[in-house]
Each structure stands twice: as structure tokens, then as C-alpha cells.
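The next block holds one structure in the form of C-alpha cells; read it before the comments.
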Amino acid sequence: RIAVAKSDFPRAIELHKKALEMVVLEFKPFYMAHISNNYRLWWKIAESELWLEQAERALIQLPTARSGSIQERNILRSQRFVLSLRAWAEQRRGNWPKAIEAIEQSETVARRVVQMPFPLIPQDTAVIRTYIVDDLAYALSHKVFVYRNAGRLGEAEQALREYLRFSREI
């Protein structure tokens, strides 16, 4: 996060690639998505798309996790991030129907994670819960942005109300 905050995208990519080698299988798409996002923020769009496609393929290849498990939560968080990046990629192309579909799916997945029991494992901390809630907050705020840019202002306004309601609830 520090490298990204400092716009040191080469360092952020390097660190995420190192982390990718060490994380459990269900989090590999999550770190691939981070690499894709770092390239996106660096305006290296072709590289971003390559890593996004790799993350999408990795998600498809993951084994099915037991419902309510830590593995399911990790897969869903990975899926939410990948879908959010897919929405950004489709926005860039001006493909609003696909951007809207991706961000709506991202929100749905994030809501599933928020609704899961917490803690799932003894190592779950308040920080982990914050990440989970932030995932949904991000999906909701991104949905406002996508709808607005697609010219669907009524839906953007409704999405903004959902975001504000969620923000008050947490």
C-alpha cells in the first residue's frame, strides 16, 4: 500500500509478485488482481489487461470451497476485486453494459462476504472485518461511478443512497 500511495508502481508490482508466490491458492487471483490494478494505476493498460485475464482464469480454475469456509471467503474476496477491475476495463472501452454487469456482480459478491459469519477462524481480527466491509463500500461507490458515467443518473442516485445507508450502518 505504501508503494502505491507513493506512486511507486514498479515497487508495488514487485512486492505483489513476491507475495503471489507465497499466498494460498485461493488468494492467488487476489494478488494477480493487485498486479493488474497497479499497472492500471500506472497507465500500463495492456499489462493491466494481461494480469486481469490471468486472474480471471485463475478464479475459474480454483476448486469449489465448502460453504461458509475461510477458503470460500478468500475466493469471494478475490472474485470481488477481479470483477471490480473488469468493470474498470470495460469502462475504459466504453462498454457500459459489461461494466455495469461486472460492478453489479462485484457488489453481490461483496455482500455475500459481509453476510458470512465472523470470525471464521481464530486469527480473524477487527482489521480483517474492516477489509471485508471496505470491499462492499468500494463496490457500492464504484457502482455510483459506473452508473453516472453510463448516463444512468437515476440508478447512480439510487446507488449513492445505498452507499450512504451502508456507511451509516457500519
Side-chain angles (χ1 to χ4, degrees), residues 1-114 116 120-121 123 127-128 130-147 149-150:
R1 289 183 179 220
I2 293 170
V4 171
K6 292 181 176 181
S7 297
D8 187 355
F9 301 113
R11 179 73 175 141
I13 291 165
E14 174 190 342
L15 292 172
H16 281 119
K17 284 181 177 179
K18 283 182 182 178
L20 180 60
E21 297 171 9
M22 297 182 279
V23 297
V24 294
L25 182 65
E26 68 267 11
F27 252 132
K28 289 195 181 292
F30 191 77
Y31 282 87
M32 291 172 186
H34 270 292
I35 295 166
S36 172
N37 192 46
N38 290 330
Y39 278 120
R40 178 185 70 84
L41 294 170
W42 196 13
W43 288 98
K44 293 190 175 275
I45 303 307
E47 292 90 341
S48 175
E49 186 65 31
L50 288 173
W51 278 95
L52 178 56
E53 289 170 0
Q54 190 174 342
E56 289 169 333
R57 284 192 303 275
L59 272 171
I60 291 168
Q61 295 170 356
L62 287 174
T64 303
R66 183 177 48 81
S67 180
S69 68
I70 187 69
Q71 291 80 15
E72 181 189 35
R73 183 174 76 193
N74 292 345
I75 290 168
L76 290 171
R77 289 196 67 225
S78 296
Q79 186 180 14
R80 195 273 326 152
F81 193 18
V82 168
L83 285 163
S84 176
L85 290 172
R86 176 51 62 203
W88 279 110
E90 297 304 333
Q91 287 174 88
R92 194 173 44 251
R93 292 183 183 92
N95 189 341
W96 298 109
K98 285 189 177 183
I100 289 167
E101 178 183 13
I103 200 57
E104 286 177 347
Q105 288 175 355
S106 176
E107 176 196 356
T108 298
V109 169
R111 285 187 186 282
R112 283 182 58 195
V113 177
V114 166
M116 291 178 81
L120 285 176
I121 58 174
Q123 296 82 1
V127 171
I128 300 298
T130 300
Y131 292 155
I132 290 167
V133 170
D134 283 352
D135 286 350
L136 179 53
Y138 180 82
L140 290 169
S141 67
H142 191 176
K143 188 169 80 167
V144 174
F145 181 81
V146 173
Y147 279 141
N149 288 342

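Positions are given from 1, in the same order as the sequence printed here. On a predicted model such as this, the values are computed, not experimentally measured, just so you know.
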Using side-chain heavy atoms (C-beta onward) and a distance below 4.5 Å, is [X] in contact with [Y]?
X      : Y      : result
Lys28  : Leu62  : no
Trp96  : Asn149 : yes
Leu140 : Arg111 : yes

| Between the side chain of Glu101 and the main-chain N/O of Pro97, is any donor-acceptor distance below 3.5 Å? | no
Sequence-distant partners of [X], side-chain hydrogen bond (donor to acceptor under 3.5 Å, both in side chains), two or more places apart:
X      : answer
Gln79  : none
Tyr39  : none
Asp135 : Arg77, Arg80
Arg57  : none

How far apart are the closest heavy atoms of [X] and [Y], and which atoms are they?
X      : Y      : answer
Asn74  : Glu26  : ND2-OE2, 3.1 Å
Val109 : Leu76  : CG1-O, 3.0 Å
Gly68  : Leu120 : O-CD2, 3.1 Å
Val82  : Ala55  : CG2-CB, 3.7 Å
Ala65  : Glu72  : CB-N, 3.5 Å

Atom [atom1] of [X] and atom [atom2] of [Y]: how far apart are they, to the nearest 0.5 Å?
X      : Y      : atom1 : atom2 : value
Gln105 : Ile100 : CD    : CD1   : 12.5 Å
Phe81  : Leu59  : CZ    : CG    : 12.0 Å
Ile75  : Ser69  : CD1   : OG    : 7.0 Å

| message | If you apply the rule side chain to side chain contact (heavy atoms under 4.5 Å, CB included), what do you find for Ile13 with Trp42, and how did you get there? | response | CA-CA 10 Å; Ile13 291 165; Trp42 196 13; 3.8 Å; yes
| said: If the threshold is 4.0 Å, N to carboxylate O, is there a salt bridge linking Lys17 and Glu21? | reply: no
| request: Using the side chain to side chain contact (heavy atoms under 4.5 Å, CB included) rule, take Val144 and Ser141 through it: C-alpha gap first, then chi angles, then the decisive distance, then the call. | output: CA-CA 5 Å; Val144 174; Ser141 67; 5.5 Å; no
Indicate every side-chain donor-acceptor pair of residues 30-38 with a distance under 3.5 Å to a residue at least two apart or in another chain.
from	atom 1	to	atom 2	distance (Å)
Ser36	OG	Ser48	O	2.8
Ser36	OG	Ser48	OG	3.1
Asn37	OD1	Arg40	NE	2.9
Asn37	OD1	Arg40	NH2	2.8
Asn38	ND2	His16	ND1	2.9
Asn38	ND2	His34	O	3.2

| query | In chain order, what residues pass the salt bridge (charged side-chain N to carboxylate O under 4.0 Å, His left out) check against Arg86, with sequence neighbours excluded? | reply | Glu49, Glu56, Glu90
